[in-house]
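Contents: one structure, followed by commentary.
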Amino acid sequence: MVPTIEPGENDQPARAAINEFRRLEREVQTILDDAAVLVVQNQHAKAIEKMKQSEKMRRKLHEIPDWNPAERKSHLDPLLLKMSWYNAEVLVASHRLDDAMKVYVELRNTVGPDEQLSVLMRIALLHRRRKEYEQALKLLHKLLDDLPTDQSHDRLVVLREAAACHALTGRWDTAYKYCQMILQDTDGPEAAFNSLVCLVALKSDSKRIESAFVKLVSLKADFSATPGDRMDPGVSEEYKEMISHDSLFMWEKQRKQKLELYILNAAQLVANLDSDAISGYEWCIEQAKNAGRTDILSALEIAKANTYLKAENFAKTLEVLMSHDTDEEEPNLRAQSCGMLAFLNFHLGNFKLSKENADKAYEANKLSLQACLNKGCLEYKEDNFSAALQYFQEALILNSADFRASYYAGMTLKALGNYQDALTVFMKLNSVHLNRPTVLYQISQIYQLMEEPAEAFAQLEKIYTLHPREPFILRQLGELADKLGDKGAALWYYNESHRIFPLNVDVLNWLGRFFVASQFPEKAITYFEQASKIDDSVPKWPLLAAGAMRRAGHLTDAYNKYVDIHTAFPDDPDCLKVLVRICQETHAPAAEIAKYQQELDLLLRMRPREVPATAGGRSQLQPQSLGARPPTAAGKNAFGQQSGFSPVLSAARSGLSTANFNLDAEDLEEFNVTKQRPATVRKAGKLAVLEQTSLDDAAVDDILPGMVRK
């Protein structure tokens with residue numbers, strides 16, 4: 001490097017150039033520091049903007065006037081090189097690998113021999129991340145040949161990357177050799193674990209795999225669990241508390257946790273080599289005891305309990321977990337075991353025990369995200385929404401990016417009636433998890449509660465584009481289109497819902513009523529008959545079918561239908577009222593009229609307060625909830641996720657409706673209009689049509705009270 005040449009006292013232009021450079025250098029350093037902080041905070045877009053500002057500063061640096069070449073090179077080149085390094089690292093952190101590769105290639109042609117190896121190493125890493133494994137291996141092999149013997153750390157990094165590339169290309173035997181080369185130089189847990197993974201992938205002999213596990217579990221931690229273990233007994237507690245947050249101790253703690261995680265994952269691989277995973281875990285626990293790793297025994301026991309849980313052996317699961325519900329247990333492990341106990345008791349119906357275990361898990365580790373969620377879910381189940389919201393907010397403080405915590409908080413706000421706040425939460429979730437159906441449905445429901453059907457319809461349309469064969473969403477779209485007054489769109493959505501799922505009686509009810517109102521009772525008969533076959537426990541559907549037959553002019557079929565309904569439901573007053581009216585209008589024999597009238601009077605005297613159904617009430621299609629069920633328990637699944645409660649987030653399906661409700665009074669009156677009845681004549685107990693008169697158009701709108709919306 002050219003030595004710095006300070007300008008003389010009379011060289012004012014050169015001195016001004018140096019001062020300008022130092023001013024710009026301070027600004028550049030501030031920008032680079034801000035970019036580094038943003039990368040650590042995962043705000044990559046803002047970090048990229050900072051680097052764009054640094055590029056503008058680069059141009060200003062080149063434009064400094066009155067600066068001789070020697071001074072420019074000695075001052076400017078190191079700063080520009082530093083800016084390029086920062087730019088490349090920010091691009092890598094932002095996953096813009098192609099742009100980062102261009103910057104590193106330029107650096108390779110700029111830096112000196114001492115920094116060439118670092119640039120080549122980063123280029124090789126970029127090739128691996130871009131899945132260009134062969135090019136990465138070429139560079140790594142070149143680095144192995146060029147690295148000096150005294151750079152053992154760089155050699156280990158190259159060997160580790162080469163092993164990863166060979167493993168990703170399926171060359172497990174070569175990857176295993178590289179791992180063994182690493183183990184010759186160091187006893188790192190990563191290489192020991194990777195060796196075991198290679199042996200499992202190669203389906204090697206079980207003895208070799210077990211030997212690799214024993215080697216991994218025998219690795220001794222050269223650090224203590226607490227800083228107080230390495231201090232004199234006379235050291236104050238305040239000093240121990242202060243040193244526990246020391247960066248060196250935190251690094252050692254992370255190393256310990258990393259080693260434990262490797263052992264747990266290795267135990268899972270070894271235990272599942274055979275069909276009897278329980279025996280495999282017991283063998284792993286025995287090896288951990290022999291190696292003196294008492295700190296990992298509880299975690300292995302909990303993993304064994306999770307295996308019992310997957311096999312639905314609840315008794316054994318409870319036995320193992322309850323043995324770890326002690327005050328002596330490590331707080332994190334106790335929180336995990338109590339969380340699993342809470343989940344299991346919840347699904348076994350022991351809600352009191354479930355809440356007790358959730359309380360223990362929360363007290364053991366209040367910084368556990370899952371413990372906060374479990375507490376909130378249990379409070380939600382008991383309709384203690386304010387308390388539930390508090391726990392969900394604690395979970396958000398622990399991890400603001402957690403989907404479950406935000407989703408549950410939004411549901412709780414909706415249950416509390418804070419629709420605007422709930423909408424804000426779900427809108428934010430939708431901006432992060434774009435077009436997630438459950439989130440979109442919650443937004444739609446909130447808009448419906450806020451009486452904004454147009455906005456609710458727009459959200460459901462987004463779900464329809466993602467899942468066009470979801471009958472429940474189609475029915476909801478039809479209902480909202482009906483509210484908005486678009487009968488044509490409502491008919492199309494209801495027809496599509498019926499075509500995909502023909503067993504929904506709510507859809508059949510709407511279609512039948514629509515066609516009666518549209519003067520097509522023949523089609524309505526078909527839908528009401530289908531509904532009566534699906535839900536044959538109530539007389540509503542056959543009564544509606546008989547009324548549609550009567551409107552269509554099929555009086556004989558209608559009369560016979562009413563007789564069949566009376567036979568099937570002799571205690572239904574609606575059917576008897578219609579039969580009495582038909583017999584009176586058709587001049588039936590007095591004995592027959594008296595028979596039905598006596599049965600009706602007797603039935604009304606026995607049930608004086610049971611007027612025909614919900615008097616004056618108009619039936620409405622109530623929207624079901626998609627993903628709006630209260631949070632329920634969900635334990636550790638087959639993918640090894642953390643056990644505990646989690647609400648069911650899957651979309652609800654429109655199942656078979658079995659609502660036991662009677663025919664509305666308005667249905668009865670309008671489906672059997674007394675005005676301008678068709679002239680009929682009675683023949684041998686049957687009804688035959690002589691002439692048909694038209695229905696008054698003014699009565700059409702009142703035929704279908706179910707189509708009237710609030």
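All values reported here derive from a predicted model rather than from experimental measurement. Numbers here are sequence positions counted from 1.
Lys256 has a carboxylate O that lies under 4.0 Å from a charged side-chain N of Glu260, or vice versa, which qualifies the two as a salt bridge. By the 4.0 Å N-to-carboxylate-O rule, Arg23 lies close enough to Glu27 to be salt-bridged with it.
For the pair Arg208 and Tyr176, the distance from NZ or CZ to the six-membered ring centre is under 6.0 Å and the angle to the ring normal is within 45 degrees.
Less than 6.0 angstrom separates the ring centroid of Phe403 from the ring centroid of His433.
Of the candidates Val39, Val103, Asp99, Leu38, Val90 forms a side chain to side chain contact (heavy atoms under 4.5 Å, CB included) with just one, namely Val39.
Taking the side chain as every heavy atom from C-beta outward, Leu80 and Met83 approach each other to under 4.5 Å. Proximity of Glu190 to Lys258: side-chain heavy atoms (C-beta onward) are separated by under 4.5 Å at one or more points. Proximity of Gln180 to Lys177: side-chain heavy atoms (C-beta onward) are nowhere separated by under 4.5 Å. Side-chain contact between Leu159 and Arg155: present, with at least one pair of heavy atoms (C-beta onward) separated by less than 4.5 Å. A heavy-atom distance below 4.5 Å is found between the side chains of Trp283 and Phe213. Leu32 places none of its side-chain heavy atoms less than 4.5 Å from the side chain of Gln53. Under the 4.5 Å side-chain criterion, counting only non-hydrogen atoms from C-beta, Cys165 is in contact with Leu140.
Between the side chains of Asp33 and Gln29, at least one donor N or O sits under 3.5 Å from an acceptor N or O. Gln370 and Arg404 share a side-chain donor-acceptor pair at under 3.5 Å. A donor-acceptor contact closer than 3.5 angstrom links the side chains of Glu394 and Tyr362. Counted by atom type alone, Tyr281 and Glu286 present zero donor-acceptor pairs between their side chains at under 3.5 Å. A side-chain donor-acceptor contact under 3.5 Å links Asp276 and Ser279.
Remark: the backbone N or O of Ile397 is not paired with any side-chain donor or acceptor of Ser400 at under 3.5 angstrom.
Between His141 and Tyr178, the angle of the ring planes stays under 30°, which puts this pair in the parallel group of the 30/60° scheme.
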Working note: His127 + Met101, criterion side-chain contact (heavy atoms from CB on, under 4.5 Å); need CA distance, chi angles, decisive distance, verdict.
CA-CA 9 Å; His127 281 305; Met101 180 66 76; 3.7 Å; yes
Begin from the C-alpha positions of Gln41 and Lys46 and carry the test side chain to side chain donor-acceptor pair (under 3.5 Å) through to its verdict.
CA-CA 10 Å; Gln41 296 174 349; Lys46 293 182 178 179; over 6 Å; no
